[in-house]
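See below for the structure under consideration.
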Protein chains: 2
Amino acid sequence: MRKGDEALQALRAYLAGLSLPEGARLAPERDLAAKLGLSRRALREGLARLELEGRLWRGVGQGTFLGPRPASEPLRVMPPGRPLDIMEARLALEPQLAGLAAAKANAENLAAIEQAVRRGSETADIESWGRWDTALHRAVAEAAQNPLLLALFEQLESCRIRGEWSMMRAALVDEAARRRGVAEHRRLAEAIAARDPAAAHAAMWDHLQSVASLIRDALRAGQAWGPGAAFGSVPREQEDDRDADAAE
Amino acid sequence: MRKGDEALQALRAYLAGLSLPEGARLAPERDLAAKLGLSRRALREGLARLELEGRLWRGVGQGTFLGPRPASEPLRVMPPGRPLDIMEARLALEPQLAGLAAAKANAENLAAIEQAVRRGSETADIESWGRWDTALHRAVAEAAQNPLLLALFEQLESCRIRGEWSMMRAALVDEAARRRGVAEHRRLAEAIAARDPAAAHAAMWDHLQSVASLIRDALRAGQAWGPGAAFGSVPREQEDDRDADAAE
DNA sequence: AATAGCACCAATGCTTTATTGGTTCCAATC
DNA sequence: GATTGGAACCAATAAAGCATTGGTGCTATT
């Protein structure tokens, strides 16, 4: 460790001499070792200690940088989420989106929604219906014209996809459920097209409740998806979405 | 359009003959045109019609695919978001969180909420009040007992922090606004403690509307935060989320 | 035993190349 | 004279290649 101490001292002096701003990148280890007249091994000893102190951080393929590691990105990985937690979250978010969509959708949005409903009703394949179902919900989210809410919706969607959702859909959506889903979709699309936020909110709420019922039934039937959240018991319909005016 | 119709027909026959699964990728336009004996222009006419119908989607540099356009992977980072967009999103999400919190908060949650309200009311400093305000909203989100919704709330929070929010708060929260905020917080906490989801929902909604009003006033006063979302023009008071659940 | 030197690995970033839908332009055709 | 065919070109995307860089092990030297 004798050389390591030397290196640490040399590094401290070097950095103090340059007074680099935080976030600055140091020379690569090989170059730096040469410049300071140290062996790379000794230099790395010193760098390791400085990293321990939090004065710098190192990344393979990137380099060595002063200051704290850059937040390691706002890497917000959504937790996987149990199915009933997911449904509770969708129940909280998507009816609001539907209400806003009814108030603010433009012609393009309406066309996308209408198309998703129609194509979903035409297809016979369950799996393909699932894709159009997803497309519809996304189209509604887009129609709300709020990039933040759209991002939140996508987050939710992403953690719905990872996870046992696709398997579930195939397992518990039968032809009757699909037909009911189509009808609910149509009601939703009509409410949005009619610029009726309250009706759109209610339609989405009913639709999601219907999906949640399927899941609850499956759970009750002994599937092992874990205990779910508590949204089930009370309807709570129609809230504030009236008048999400069409300002802009 | 004569050739376009021909191409459409040829395409339909071609696709029907292959019965490709949804999501499958078609041959590049140039190759496909050669294979079908069509000019590329005519082929593109047909493809455009099919895309209008939603049977396929095309992406430059990617190709032509059957089925609905897949959702782009969710942004890792939230878009910055204009203040009024943020408020619209909070208005959509947080009242729901408050309702769930009223139904599901445990003793620890209630203590955290109560503490945030109390400490916020005690402090005189505007900046410190802001911290307790944030703490309260977060405590409510935690009380909803849904990890997914909590994650969504944090996402929203993160993009509220980056951005001109802190400056704004200092700029447009005066002593009167703070006192009103404290009162609204108290009403919210009491509704949650009383296990009254509807009241909690309404309290949060009113509180956020009050904050939104401040922002709208600031915008009207000529601040340059850009045109905001659309919830602005109508006060939208008095809602009726009767019957929220007291599930569980 | 510690160290210096060296080679190699794996992750990351950057550059280059190839593919592909979208567009424009002009001559050919009906 | 409007439509069509062919070709070239553009821009977005993806894939491949190359270089850089921290991390690691191995060997010889002191």
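Here is how names work: the chains are called A, B, and so on, in the same order as the sequence lines, proteins then strands, and each is numbered from 1.
- Comparing A:Glu51 and B:Gly4 by the nucleotide of DNA chain D whose heavy atom lies nearest to each, the residue mapping closer to the 5' end is B:Gly4.
- B:Leu56 has its side chain out of reach of B:Phe65: every pair of non-hydrogen atoms, C-beta onward, lies at least 4.5 Å apart.
- A close approach under 4.0 Å does not occur between any side-chain nitrogen or oxygen of B:Lys3 and OP1 or OP2 of D:dT3.
- One atom, CG of B:Leu56, and another, P of C:dG21, lie 11 Å apart when rounded to the nearest Å.
- Dashed line: the shortest gap from a side-chain N or O of B:Thr64 to OP1 or OP2 of C:dG21 is under 4.0 Å.
- Summarising the geometry, the separation between CG on B:Leu47 and P on C:dG22 is reported as 9 Å, rounded to the nearest angstrom.
- Note on B:Arg58: a side-chain N or O is less than 4.0 Å away from OP1 or OP2 of C:dG22.
- Judged purely by atom type and a 3.5 angstrom limit, A:Ser19 has no side-chain atom pairing as donor or acceptor with the backbone of A:Leu15.
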Show the numbers, then the answer: is there a salt bridge (Lys or Arg N to Asp or Glu O under 4.0 Å) between A:Arg187 and A:Glu190? CA-CA 5 Å; A:Arg187 179 178 154 222; A:Glu190 284 168 1; over 6 Å; no
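- For the residue pair A:Glu184 and A:Ser210, a side-chain donor N or O sits within less than 3.5 Å of a side-chain acceptor on the partner.
- One finds a salt bridge joining A:Glu53 and A:Arg12 here, because a Lys/Arg side-chain nitrogen approaches an Asp/Glu carboxylate oxygen to under 4.0 Å.
- Between the side chain of A:Arg119 and the main chain of B:Gly54, a donor-acceptor pair closer than 3.5 Å is present.
- Taking a 6.0 Å sphere around CZ of A:Arg55, one finds it holds 12 or fewer heavy atoms contributed by other residues, nucleotides or ligands.
- As a whole-Å value, the separation of B:Arg69 CZ from C:dG21 P is 13 Å.
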For nucleotides 10-13 of chain C, list the nitrogen or oxygen atoms of the protein found under 3.5 Å from its nitrogen or oxygen atoms, one pair per line.
none

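- With hydrogens and angles left out, the side chain of B:Arg30 and the base of D:dG6 share no donor-acceptor pair within 3.5 Å.
- Counting to the nearest Å, the P atom of C:dG21 and the CG atom of B:Leu32 are 9 Å from each other.
- In this structure, the CG atom of A:Asp31 is 7 Å from the P atom of D:dT21, given to the nearest Å.
- Using a 4.0 Å cut-off on heavy atoms, none of the residues of residues 17-29 of chain A approach DNA chain C.
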Tabulate atom names and distances for all N/O pairs under 3.5 angstrom spanning the protein and nucleotides 23-28 of chain C.
{"unit_1": "C:dC25", "atom_1": "N4", "unit_2": "B:Arg41", "atom_2": "NH2", "d": "3.4"}

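- No side-chain heavy atom of B:Pro68 sits less than 4.5 Å from a side-chain heavy atom of A:Arg138.
- With A:Asn109 contributing its side chain and A:Asn106 its backbone, the two residues share a donor-acceptor pair below 3.5 Å.
- Between A:Arg179 and A:Glu175 a salt bridge is recorded (basic side-chain N to carboxylate O distance below 4.0 Å).
- Nearest heavy-atom pair, B:Leu8 versus B:Gly46, reported as atom, atom and distance to 0.1 Å: CD1-O, 3.7 Å.
- Following rounding to the nearest Å, B:Leu36 (CG) and D:dG5 (P) show an atom-to-atom distance of 13 Å.
- Taking a cutoff of 4.0 Å between a charged side-chain nitrogen and a carboxylate oxygen, A:Arg44 and A:Glu29 qualify as a salt bridge.
- What separates CD of A:Glu6 from C1' of C:dT3 is a distance of 11 Å, to the nearest Å.
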